[in-house]
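Worksheet for the structure shown next.
Numbers here simply count residues along the sequence, with the first being 1.
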Amino acid sequence: MKTVLVGIPCLKVGGTEMQTLRLVEALLSGGHRVVTVCYFEYDYEMVQKFKLAGSRVECLSAYGNRPQGLRNQYRFLKKGLKRVVSEYHPTVAHIQYMAPGALPIIALRKLGIKTILATSHTMGDIYKNLRLVHFVQRHYLKVFTCITEAAEKSFFRKSKLYTPQVPISRHQHFTIYNTLAPNYEFSQARQLGNTIRIGFVGSLKPIKGADLLLPAFAKFRQNYPNSKMIIVGEGELKEHMMQQEKELGLDGVVEWKGKLPYEKLPSNYQAIDLLWVPSRSEGFGLTAIEAMANGCIVIASNVGGLPEIINNLKLFFEKESICSLVQCTQDIINSDAASVYSLSQSMIERARMFQFDSYRESILSLYSRI
């Protein structure tokens, strides 16, 4: 049994945190002892999820504050991690590579942890320069994992999907796909009704393309006046989007659900016919596979890992192109009922590729080999 330190900058309600929870669950199921270390910001509810899963949780900042400046952050991290290492004596550290990604890795090496893995949940295009990532990967890490092959290529120009049969050499990088929750319930395929329900689930941020939603929906609604839009999420663009709603004459046809607990998302996916994922950058697209598992037809921008996740269903539109998004949606709706039902069924079958058991097998295999 290994004691594993799982490090993450924040434990808020988000896709990266949920996937880190899946990592913790996989390790615990394999008999490992896990201590999750949150460096900075956290939500009480998310901390409780990790504790209920069976992990110890250590929040280095009592009030969820983040020191200003890299030097102050490094000092803070080294002091806090030293306390955790002294108490739990981990033999492995698994760092979620988010800002300040390299600092906890360097601190842990100086504290004597020799076996360190890192997982990036983004595309490499969010970094202005990848030299630091490459240096850390070559000199500090046993393994660097990415969440799609497209993401891995964006960091390293090549990729390899991890399997238990893949040879492992020092300082290697692999792709291990993100996963649905354990025992995730799959819905039945469905037809479109008289009212077309377009949905969005995610943070209302520019990187998620949230500012494109309402202009695209207004254009789409010109031909489908009975359609409605359901928006699940909060973020910095909320006020701007509510102004768009007024300017575009969409009052009364947009349902703002706000930020919902993870457990309530399946019922909301089931209220959506077609999910729009207009991201400008996306390493994986967790909402895409969750929606697919619930029978939604997902239409995503042709960026990052999204084409890889949706695979041969090819429901993509050109990045930031409202016309392309609307046309792709109309093409589906104008199909015959049997084709729409078949597409919904194909979405469900594709989502089954990302069930927890496959992820658990990959993680436990990797850990046993390092």
Side-chain angles (χ1 to χ4, degrees), residues 2 4-10 15-17 19-24 26-27 32 34 36-37 39 74 77 81 90-179 281-286 304-305 308-309 358-370:
K2 297 182 179 73
V4 183
L5 184 157
V6 174
I8 187 169
C10 56
T16 298
E17 289 86 345
Q19 288 306 300
T20 304
L21 179 59
R22 302 287 90 89
L23 167 65
V24 167
L27 291 171
H32 299 300
V34 180
T36 303
V37 181
Y39 320 140
Y74 179 74
L77 285 169
L81 290 170
T91 53
V92 179
H94 196 140
I95 303 303
Q96 309 308 292
Y97 202 98
M98 305 156 61
L103 296 187
I105 294 171
I106 295 169
L108 285 165
R109 276 295 296 273
K110 289 186 178 296
L111 291 169
I113 306 299
K114 296 181 179 179
T115 303
I116 306 177
L117 299 83
T119 297
S120 174
H121 294 263
T122 67
M123 297 292 291
D125 61 11
I126 71 165
Y127 294 95
K128 292 181 180 179
N129 193 311
L130 291 173
R131 282 183 295 181
L132 177 60
V133 177
H134 293 160
F135 179 83
V136 169
Q137 181 258 332
R138 286 195 302 268
H139 298 286
Y140 286 85
L141 299 175
K142 288 282 189 179
V143 176
F144 189 104
T145 68
C146 296
I147 51 180
T148 56
E149 291 196 75
E152 188 181 357
K153 287 175 183 175
S154 74
F155 279 100
F156 303 107
R157 297 186 181 178
K158 59 182 180 179
S159 68
K160 184 180 289 291
L161 190 64
Y162 178 79
T163 68
Q165 293 75 40
V166 169
I168 292 183
S169 58
R170 295 182 63 192
H171 312 301
Q172 199 147 350
H173 50 83
F174 296 110
T175 291
I176 296 179
Y177 287 129
N178 277 347
T179 178
S281 180
E282 193 73 67
F284 184 81
L286 181 60
E308 188 176 334
I309 295 308
S358 296
Y359 174 80
R360 175 184 178 276
E361 179 185 353
S362 293
I363 290 296
L364 294 181
S365 165
L366 180 61
Y367 268 70
S368 70
R369 298 172 70 192
I370 63 170

TODO: List the steps, then state whether side chain to side chain contact (heavy atoms under 4.5 Å, CB included) holds for Cys146 with Lys153.
DONE: CA-CA 9 Å; Cys146 296; Lys153 287 175 183 175; over 6 Å; no
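- Residues Leu286 and Thr179 approach most closely at CD1-O, 3.9 Å, considering heavy atoms.
- Between Phe174 and Pro167 the shortest heavy-atom distance is CZ-O, 3.9 Å.
- One finds the CE atom of Met98 at 5.5 Å from the CD atom of Glu17 (value rounded to the nearest 0.5 Å).
- Between Ser365 and Tyr162 the shortest side-chain heavy-atom distance falls below 4.5 Å.
- Under the side chain to side chain contact (heavy atoms under 4.5 Å, CB included) rule, Leu141 has a single partner from Ile116, Ile95, Val133, which is Ile116.
- Between Leu77 and Pro100, some side-chain heavy-atom pair lies under the 4.5 Å cut-off.
- Leu161 has its side chain out of reach of Glu152: every pair of non-hydrogen atoms, C-beta onward, lies at least 4.5 Å apart.
- You'll find the side chain of Ile168 reaches within 4.5 Å of the side chain of Leu366, heavy atoms only.
- The two atoms that bring Leu132 and Ala102 nearest to each other are CD2-CB, 4.0 Å, heavy atoms only.
- The OH atom of Tyr97 sits 5.5 Å away from atom OH of Tyr127, with the distance rounded to the nearest 0.5 Å.
- The CG atom of Leu130 lies 6.5 Å from the CZ atom of Phe155; values are rounded to the nearest 0.5 Å.
- With hydrogens and angles ignored, the 3.5 Å screen pairs a side-chain donor or acceptor of Gln137 with a backbone N or O of His171.
- Here the side chain of Thr122 pairs no donor or acceptor atom with the backbone of Gly283 at under 3.5 angstrom.
- A donor-acceptor pair under 3.5 Å is formed between the side chain of Gln172 and the backbone N or O of Ser169.
- Here the shortest heavy-atom pairing between Ile126 and Ser281 reads CG2-OG, 4.1 Å.
- Distance alone, capped at 3.5 Å, is enough to place a donor-acceptor pair between the His32 side chain and the Lys2 backbone.
- Ring centroids of His134 and Phe156 are separated by less than 6.0 Å, placing the two rings close together.
- In this structure, CG in Leu111 is found 6.0 Å from CG in Leu108, a value given to the nearest 0.5 Å.
- When side chains are defined from C-beta on, Glu149 counts as touching Tyr177, because their heavy atoms get closer than 4.5 Å.
- Closest approach of His121 and Gln19 over heavy atoms only: CE1-CB, 3.9 Å.
- Of all non-hydrogen atoms in Pro9 and Tyr39, the two that sit nearest each other are CA-CD1, 3.3 Å.
- Thr145 contributes atom OG1, which lies 6.5 Å from atom CD1 of Ile363 (distance to the nearest 0.5 angstrom).
- The side-chain heavy atoms of Ile113 and Leu81, taken from C-beta on, include no pair separated by under 4.5 Å.
- Considering only heavy atoms from C-beta on, Arg22 stays 4.5 Å or farther from Asn178 through its side chain.
- Side-chain contact between Asp125 and Ser154 is absent, with no heavy atoms from C-beta onward closer than 4.5 Å.
- Atom CD1 of Ile105 is separated from atom CG of Leu117 by 9.5 Å, given to the nearest 0.5 angstrom.
- Side-chain N or O atoms of Glu308 include one that pairs as donor or acceptor with a backbone N or O of Ala150 at under 3.5 Å.
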